[in-house]
There are 2 protein chains.
Amino acid sequence: MNKRDELTEAATDYALAHGLIGLSLRPLAAELGTSDRMLIYHFGSKDELVAAVLEASNDRSKAVIHAMQPSASLRAAVLDLWATYTEGQVQRCQRMYVEAAALGLFGREPYATSIRASNAVWMAAMATHLERSGVAAADAPRLAGLIDATFNGVLLDRPLDDEAESRQIVEDLATALGRSQRGSE
Amino acid sequence: MNKRDELTEAATDYALAHGLIGLSLRPLAAELGTSDRMLIYHFGSKDELVAAVLEASNDRSKAVIHAMQPSASLRAAVLDLWATYTEGQVQRCQRMYVEAAALGLFGREPYATSIRASNAVWMAAMATHLERSGVAAADAPRLAGLIDATFNGVLLDRPLDDEAESRQIVEDLATALGRSQRGSE
DNA sequence: TCACGCATGTAGCAAGTGCTACAGGAAGCC
DNA sequence: GGCTTCCTGTAGCACTTGCTACATGCGTGA
């Protein structure tokens, strides 16, 4: 494995654990057993390192969602997606996505560009799962957008609470979408 | 008006325009016609300044939502709330809320505490509007939670796009909730 | 008049930031 | 052996960060 790829994976672990917003090269390098000097050497700049980390994180969560079994209904799909979303590894990735999105709110690079790419990939993965669970292909992307937005919003609003309140919101969404789908058939 | 309050309002304007994440005292002070020295003097620390700014921003958006007229239905309420949410002044406040929430994701103070307070106030204001629009008092808080989460998620995922896609998601939510409500009566 | 407290300017500190200059070790090729 | 190329350690630069020490003007009350 390429040295740069090794560093990317290790740096991704570190960023997932410590957050993206205050990320700085020296503590990161120390934990990786190297120096800021080498990180710059291998990545060219901090921005490129961050972009690589975001891509790696996105790959990880995408792999998990692709491994899901189809769900029995739209309602079940929302709940299953939420279960996946809140599973430890994926949730850490999503938390980092939220940080990157916040950093990109004012268009700052490389965050704005990275989150665009991440979002497209992630939403496509969600849409695929919805289709495999019986949702019409025409509706899947729009529904994926709604579901993803709600999930991220829940993660944002309730960072440290226990899951009960979050779960309630997701169930309300699942119920509303389930009813709405049957009502429109 | 108290000097500290004056500074708080001006600092809030600055933070709304430039973002909260990279906020630093010297550029802020320069724009305010004072010095970092004086900001620390009046607020005690940067953290207290940030807390004051977040509270001021929250007060502003709360005032706007309280001034809304009741909506004709749940569906209309969602769309009206979205219209308010995306109105320039309020959207800037929400964008800052999202930044604060991201900063608080790992429990960092003063952000974690501030966003808890902001969120409680904002959700109560949304719930009140839903009630005034005919939603049962028992359902209003839960619905407010769902709607708020979705709005924030949309803001996060689509920071720089034109509004079409965002609008689509919100309409899907409004439709689903409207149908769901009628279906459950 | 004098003293006191509030407000403010100047200068600076210690720490941390991304990044670079320079030198050298190690490995492979001629 | 010499030469090049990849990698890495040491040291440092220029800059920014939140915050502080110190002195000074100001108005007010005794």
Side-chain angles (χ1 to χ4, degrees), chain A residues 1-15 17-56 96 99-100 102-104 106-114, chain B residues 1-15 17-56 96 99-100 102-104 106-114:
Chain A
M1 193 194 229
N2 190 347
K3 185 82 190 185
R4 175 181 161 133
D5 293 343
E6 276 178 42
L7 286 174
T8 301
E9 291 303 313
T12 303
D13 291 336
Y14 181 89
H18 294 79
L20 186 67
I21 289 185
L23 186 68
S24 106
L25 294 182
R26 270 180 260 250
L28 167 63
E31 185 114 337
L32 267 53
T34 177
S35 65
D36 57 331
R37 166 73 182 77
M38 291 316 299
L39 292 178
I40 295 293
Y41 174 76
H42 284 291
F43 292 92
S45 70
K46 184 193 174 187
D47 281 359
E48 289 183 56
L49 186 156
V50 166
V53 162
L54 286 173
E55 196 183 336
M96 192 154 84
E99 287 190 278
L103 282 162
F106 286 79
R108 201 189 319 177
E109 295 300 346
Y111 308 100
T113 299
S114 284
Chain B
M1 193 193 230
N2 191 346
K3 186 79 190 186
R4 176 182 161 132
D5 293 344
E6 276 179 40
L7 286 173
T8 300
E9 290 304 312
T12 302
D13 290 337
Y14 180 89
H18 295 78
L20 185 67
I21 289 184
L23 185 68
S24 101
L25 294 182
R26 269 179 261 251
L28 167 63
E31 184 115 339
L32 268 52
T34 176
S35 66
D36 57 330
R37 166 72 182 78
M38 291 316 297
L39 293 177
I40 295 291
Y41 174 77
H42 283 290
F43 291 91
S45 71
K46 185 194 174 188
D47 280 359
E48 287 183 57
L49 186 158
V50 166
V53 162
L54 285 173
E55 195 183 335
M96 193 155 83
E99 287 190 280
L103 282 161
F106 285 79
R108 202 190 319 177
E109 297 299 346
Y111 308 102
T113 299
S114 284

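So that the names make sense, note that chain A is the first sequence line, chain B the second, and so on, each numbered from 1.
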Rounded distance (Å) that lies between atom P of D/dC7 and atom CG of A/L39: 14 Å
Give the nucleotide from the list D/dC7, C/dA7, C/dT10 with an atom nearest to the side chain of B/Y41. C/dA7
Remember a base hit wins even if backbone is also touched, and classify A/T34 as base, sugar-phosphate or nothing at under 4.0 Å, heavy atoms. nothing
Can you tell me how far CD of B/E6 sits from NE2 of B/H42, rounded to the nearest 0.5 angstrom? 9.5 Å
Give a yes or no answer on whether the side chain of A/K46 reaches the backbone of A/L23 with a donor-acceptor pair at less than 3.5 Å. yes
Determine, stepwise, if the pair A/V53 / A/M96 fulfils side-chain contact (heavy atoms from CB on, under 4.5 Å). CA-CA 10 Å; A/V53 162; A/M96 192 154 84; 3.5 Å; yes
Starting at CZ of A/R37 and ending at P of D/dG12, how long is that distance when rounded to a whole Å? 16 Å
Tell me: CG of A/D47 to C1' of C/dC19, nearest whole Å? 12 Å
Which whole-number value in Å describes the distance from A/N2 CG to D/dC7 C1'? 13 Å
Using OP1 and OP2 only, check whether a side-chain N or O of B/H42 sits under 4.0 Å from C/dC6. no
Take atom CD1 of A/I40 and atom P of D/dT8, then tell me their distance rounded to the nearest Å. 15 Å
From CZ of A/F43 across to C1' of C/dC19 the rounded distance in Å is 16 Å
Mind listing the residues from residues 18-28 of chain B sitting with a heavy atom below 4.0 Å of DNA chain C? Number order is fine. B/R26
Evaluate side-chain contact (heavy atoms from CB on, under 4.5 Å) for B/R108 paired with A/I21, printing each intermediate quantity in order. CA-CA 11 Å; B/R108 202 190 319 177; A/I21 289 185; 4.1 Å; yes
CG of A/D36 versus P of D/dT8: gap in Å, rounded? 14 Å
Return the minimal non-hydrogen interatomic distance between A/L32 and A/A11, and the atom names on each side. CD2-N, 4.0 Å
I need the NZ-P distance between A/K46 and C/dG18, as an integer number of Å. 5 Å
For A/E55, is the CD atom crowded, meaning more than 12 foreign heavy atoms sit under 6.0 Å from it? no
Where B/S35 and B/A29 come nearest, the two heavy atoms and their spacing: C-CB, 3.3 Å
